[in-house]
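Structure record follows, encoded as structure tokens.
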Amino acid sequence: MDEYIKKDTAQTASENTSTERPSWTPPSQIVTGAVSDNEYPRTQRPMTSYEADKAAGISRAEAARYDDGRSTSSASASAARSAEGRSTRTTPSRASRSSSGTERTSSRAERSAKTKAARSERPARTRTSGSAAAAAAKDGSKPAKKQKSTFLPFVLFPLFTVWLELVLHIFMGMELKYAPIYILHGLMYGFIFSFITKLFPKKASLTISKIWAFIMSLLFGVEFIAKNILQDFYPASMLKTAAGNHLSDYIGAIVIMIGKKIHVLILFFLPVILAFIFLRKPLKSKIKKRGMLILSLICAVLFYFLGRAAIAIPFHGNLTPKELYNSDTNYNDQVEQLGLINMLRLDIKHMIWPVESEIDVPDDPTPVDPEPEDPEQAKYKPNKINLDFAQIQKDSSNNNIKQLAQYFSTVTPTMQNEYTGTFKDYNVVFFTVEGLSGYALDPMITPTLWKITHEGFVFNNYYTALHFTSTSNGECQHLLGLYPKSGFPISMSRTGELKTNTYFSLARQLNRLGYKSYGYHNNINMYGRTGSHPNLGYDWRYIHYTDSYKMYADSIDYEGAKGLNQGKLRWMQRDSFMVEHTVEDYINSDKPFNVYYLTVSGHTPYTYTSWAWGKSGSNWIEDDRVKAMTYTEKTKAYEMAAMEVDKAVEILIQKLQEAGKLEKTLIVLSPDHVPYADIDAIEELAGKKFGSSSDFEAINERNIDFEVYHSCLAIWNPNIETKQIDKVCCQVDILPTVSNLLGLEYDSRMLGGTDILSSSEGLVVFASKSWRSDKGFYSSFTKKFTPNPGVNMSQSAMDTYVKYMDSVANNRLKITNMIIESNFYNFALGSNKYIREESETQFELTKEQLEKLYEYNAEKAVIREYKDPRTFEKKEVRPF
């Protein structure tokens, strides 16, 4: 034993004095037997794979991407070492290790380079587990490729929201100059939703994203169809109204519109379709989840402020993005300028925090360049009620009531005239006709309508401007004498919900005098009319599917018997049937009657097969007048709708004449609006273009010829002598005009229109806040006033006139919602508290005003007479 020890010691000493040291060999060579274990000193063990990687400068993360060969090799090496046994190793002397240091350092650098090169040639490691990996190895197939990282999850929803807004704006023919606003806000909303979805696990996030994308596409598609059929976009505040409306009646129009716009609907749903086809598992993002959340919030805030900055850009026109952003009206303009999502969000915001309107009271309420006073007019009184507006302001804490009282005190009332009371105590029958245009009237095709609009009072410049919710707010103008609010809640429906005092409605005025008022609609309850129309003062009757008798239904199997719901109700109901089977309710009444008819036969769409008057019933298709027409099928169908109304009015006149009541009845008839969804029909009838269909369907009045609204009005009695009226007038002017003709006591200052037969200036205000007066046309888009031919005004006079009239137009649009929401009529007129006798009315003028009104002898202090400029009544006043 000692001999072996001595030998080993001698060998070790010899090795320590040597200048060469055997280089380290990788473990893999040991496993293969290329190098014997005896060639290694006992204290110099082979390097582990981690140490080799570290020496080569390879991190654990990099090493993890290599194949499984290393683990297999390691296991094989372990088995080999166990089988062969480990030989005794000697430890080289410190001197030997020191002498070979330089060579060892060089050898390690070479080994590191070789290790990196070898591993770079290895195939990328694919993680497979369990049976999947075994199966791949067994059949020799390659493992699945690893999913690449992408930035798409971060920008997917921002791009999606921008896509929806652009498709909507492009195919609705909207102005693209506002694109920066809704694109920036679309990106903001997209990043907000990206943030929300990233709060969930990957699979849940993917599912939620697909569902939300589908809902968004559906929302845009529904709003697109609603706009094309019903004229308006519908926010959340209209859900109650929509729930009360039987939209199944519009199913034919909806189906036709979907067919016409299917290509646009596909574009709305295209991202969703692609997502369901190709996006079956979550995308791998290059941004970690925490980073995604933080960046999404940062981007949302950034694009919010950029969007608000874009809103502040001074765009040209009366309706600017800045004004619309702080408004709860003009939803269509909000969508065009701010985007659909912004409009929906603002609507919800304003439902919680209502917007308060501000009336612009002009400094000088008297219009410039007034017409010279007609001496004959001095004998007429003003149409007003003597209210103490100052006391109303003091007593009310409601800001709307205070503003209205102040404003009405500055409005000049219209004067009574030679027609005042012409039809006192007469019966009244009022028709609001669905979708009629003056261009549809013809002496041969619609002889009755032609007669009542071209005999008696002939209104040559009558307009039926489109306003929010079309028919309902056409009624608002007819029955309340007020312009509707351009937004929700719907003005007419709101009166029923709040039970607002409708003091000046024709039914309320006449009922106070002992009239009996009836109202009929040949359709089911829509727009809350069961609340609003009884509140107007009518005994309201309409067709209903399940309720008790309201009005006879014109069913398909109807054979002349009076009954309810015999078979399936026809859509649309025939107007002639409605009149024929309701006239007996009132025509033999001992009391004077006031009747209101809301027709429906003129509703879109205009086709031969979808209408009762085209398919059966009156069967106008077989009429020789229709056969002789050379128009397109749509225009022929539109004319058939007019013929159906013509027949209804003819039946009424015949019944009144047979009962001996015609001579004592005043007939009023006006369309609710033009057929906005089928502008090409009236273009063919008029023989001129009014604008592209897309512009008109979007109510883009920027590119519309406003003469499209030129229509017909009838205020007729067989005893009226024909009189041509050239004053500009519109629907809100009907109530004050008829009130004056009937000799009713009303206050012209508190309505949105004026008596057409009075000396007041005519004015019609359009939805875009453009307006037309007797002197010319003002465009809210260009802010330019174009005088009518023959009107000569200096530039300064024109500027003053435009400023004043623009203020009047804007105020007339604002007061309706303020009156309804504050119940102003009830506060001011619900009792006699604020009504003053004529002698109690105090009216003071300044010295300068008196000097302009009369001459006086200051030295003699003579009492002089002057005319009150607001009442034209003579008064006495002492000079200063």
Check your understanding: Does Thr800 use its side chain to pair, donor to acceptor, with the backbone of Ser796 at less than 3.5 Å?
Key -> yes
Practice item. Ignoring hydrogens and angles, tell me if any N or O in the side chain of Arg494 forms a donor-acceptor pair with the backbone of Ser532 under 3.5 Å. Key: no
Exercise for review: Return yes if some donor-acceptor pair links the side-chain N/O of Thr737 with the main-chain N/O of Ile756 below 3.5 Å, else return no.
Suggested key: yes
Study note, to complete from the structure: When every non-hydrogen atom of Val674 is compared with those of Val708, the smallest separation belongs to CG1-O, 3.5 Å
Check your understanding: Would you find a donor on one side and an acceptor on the other, under 3.5 Å apart, between the side chain of Thr599 and the backbone of Phe431?
Key -> no
Practice item. Please tell me if the side chains of Leu479 and His533 come closer than 4.5 Å, counting only heavy atoms from C-beta onward. Key: yes
Review point. Can you find a side-chain donor-acceptor pair between Thr471 and His673 that sits under 3.5 Å?
Key: yes
Exercise for review: Look only at the side chain of Asp733 and the backbone of Gly753, and say whether a donor-acceptor pair between them is shorter than 3.5 Å.
Suggested key: no
Review point. Lys775 versus Met805: any side-chain heavy-atom pair under 4.5 Å?
Key: no
Practice item. Before accepting this row, confirm whether a basic side-chain N of the pair Glu707/Arg772 lies closer than 4.0 Å to the acidic partner's carboxylate O. Key: yes
Review point. Is the side chain of Asn417 donor-acceptor paired with the backbone N or O of Tyr380 at a distance under 3.5 Å, no angle test?
Key: no
Check your understanding: About how many Å separate CZ of Arg702 and OG of Ser780, when rounded to the nearest 0.5 Å?
Key -> 8.5 Å
Practice item. Using the six-membered ring wherever Trp is involved, compare the ring planes of Tyr801 and Trp771 and label them parallel, tilted or perpendicular (cut-offs 30° and 60°). Key: perpendicular
Point to revise | Rounded distance [0.5 Å steps], CG in Leu735 versus OG in Ser748 | key: 11.5 Å
Point to revise | Nearest atoms (heavy-atom pairs only) where Thr500 meets Ile820 | key: OG1-O, 3.5 Å
Exercise for review: Report the C-alpha distance between Gln657 and Glu663 in whole Å, list the side-chain angles of each, state the deciding distance to 0.1 Å, and finish with yes or no for side-chain contact (heavy atoms from CB on, under 4.5 Å).
Suggested key: CA-CA 8 Å; Gln657 193 166 25; Glu663 301 288 324; over 6 Å; no
Review point. Do any N or O atoms from the side chain of Thr446 and from the backbone of Asp646 form a donor-acceptor pair under 3.5 angstrom?
Key: no
Check your understanding: Should we say atom CD of Glu721 is surrounded by more than 12 heavy atoms from elsewhere, each under 6.0 Å from it?
Key -> no
Check your understanding: Which atom pair, heavy atoms only, marks the closest approach of Leu387 to Ala828?
Key -> CD2-O, 3.7 Å
Practice item. Count the heavy atoms belonging to other residues, nucleotides or ligands that lie under 6.0 Å from NZ of Lys591, then report whether that count exceeds 12. Key: no
Review point. Below 4.5 Å, heavy atoms only, C-beta onward: do Tyr419 and Asp755 meet side chain to side chain?
Key: no
Review point. Which heavy-atom pair separates Arg812 from Gly752 by the least distance, and what is that distance?
Key: CD-O, 3.1 Å
Review point. Quick one: CZ on Arg508 to CG on Leu744, what's the gap to the nearest 0.5 Å?
Key: 15.0 Å
Exercise for review: Side-chain contact test, heavy atoms from C-beta onward, threshold under 4.5 Å: evaluate it for Lys783 versus Tyr778 and give yes or no.
Suggested key: yes
**Study point:** Residues Phe389, Tyr407; criterion ring pair (Phe, Tyr, Trp, His ring centres under 6.0 Å); working and verdict
**Key:** CA-CA 9 Å; Phe389 289 115; Tyr407 171 66; 10.0 Å; no
Review point. For residues Thr420 and Asn740, is any side-chain donor paired with an opposing acceptor at under 3.5 Å?
Key: yes
Point to revise | Heavy-atom check, side chain of Ser491 versus side chain of Leu482, under 4.5 Å | key: no
**Study point:** Residues Leu751, Val732; criterion side-chain contact (heavy atoms from CB on, under 4.5 Å); working and verdict
**Key:** CA-CA 8 Å; Leu751 297 176; Val732 292; over 6 Å; no
Practice item. Give a yes or no on whether the ring-centroid distance for Tyr462 and His710 is below 6.0 angstrom. Key: no
Review point. Tyr426 vs Phe423 aromatic rings, parallel, tilted or perpendicular, using cut-offs 30° and 60°?
Key: perpendicular
Check your understanding: With side chains defined as the heavy atoms from C-beta onward, is the minimum distance between Leu662 and Ile653 less than 4.5 Å?
Key -> yes
Practice item. Test side-chain contact (heavy atoms from CB on, under 4.5 Å) on Leu506 and Leu742 and set out the steps. Key: CA-CA 10 Å; Leu506 195 58; Leu742 294 171; 4.0 Å; yes
Review point. Do Glu821 and Lys485 sit within salt-bridge range, that is, some charged N less than 4.0 Å from a carboxylate O?
Key: no
**Study point:** Stacked cation flag Arg512 on Tyr503, 6.0 angstrom / 45 deg
**Key:** yes
**Study point:** Backbone N/O of Ala440 and side chain of Ser437: donor-acceptor pair under 3.5 Å
**Key:** no
Exercise for review: Looking only at non-hydrogen atoms, find the nearest pair between Ile385 and Leu829 and report the distance.
Suggested key: CD1-CD2, 4.1 Å
Point to revise | Salt bridge Asp705-Lys688, side-chain N to carboxylate O under 4.0 Å | key: yes
Exercise for review: Could you check if a side-chain atom of Leu813 sits within less than 4.5 angstrom of a side-chain atom of His467, using non-hydrogen atoms only?
Suggested key: yes
Exercise for review: Would you confirm whether Glu650, through its side chain, and Thr448, through its main-chain N or O, come within 3.5 Å as a donor-acceptor pair?
Suggested key: no
Point to revise | Exercise: do Glu701 and Ser770 side chains pair donor with acceptor under 3.5 Å | key: no
Practice item. Could you pull out the closest heavy-atom pair between Glu455 and Thr722, with the gap in Å? Key: CA-OG1, 4.0 Å
Check your understanding: With a distance cut-off below 6.0 Å to the six-membered ring centre and an angular limit of 45° from the axis, does Lys516 pair with Tyr518 as a cation-pi contact?
Key -> yes
Review point. Given Phe504, which of Tyr746, Tyr825, Phe824 fulfils the ring pair (Phe, Tyr, Trp, His ring centres under 6.0 Å) condition?
Key: Tyr825
Point to revise | Approximate separation, where rounding is to 0.5 Å, of Phe785 CZ and Phe777 CZ | key: 10.0 Å
Check your understanding: Got a donor-acceptor contact below 3.5 angstrom from the Lys727 side chain to the Ser758 backbone?
Key -> yes
Exercise for review: Verify the distance criterion only: is there a donor paired with an acceptor across the side chains of Asn501 and Asn823 at less than 3.5 Å?
Suggested key: no
Review point. What do you reckon, are the aromatic ring centroids of Phe430 and Tyr538 less than 6.0 Å apart?
Key: no
Check your understanding: If you measure from OG on Ser794 to CG on Asp799, what distance do you get to the nearest 0.5 Å?
Key -> 8.5 Å
Revision key, fill the gap. Between the CG atom in Asn330 and the OG atom in Ser486, the distance rounded to the nearest 0.5 Å is 4.0 Å
Review point. Side chains of Gln731 and Ser670: do they bring a donor and an acceptor to under 3.5 Å?
Key: no
Check your understanding: How are the rings of Trp450 and His454 set to each other: parallel, tilted or perpendicular (split at 30° and 60°)?
Key -> parallel
Exercise for review: For the pair Asp395 and Tyr834, evaluate side-chain hydrogen bond (donor to acceptor under 3.5 Å, both in side chains) and give the outcome as yes or no after the intermediate values.
Suggested key: CA-CA 10 Å; Asp395 290 352; Tyr834 300 107; 2.7 Å; yes
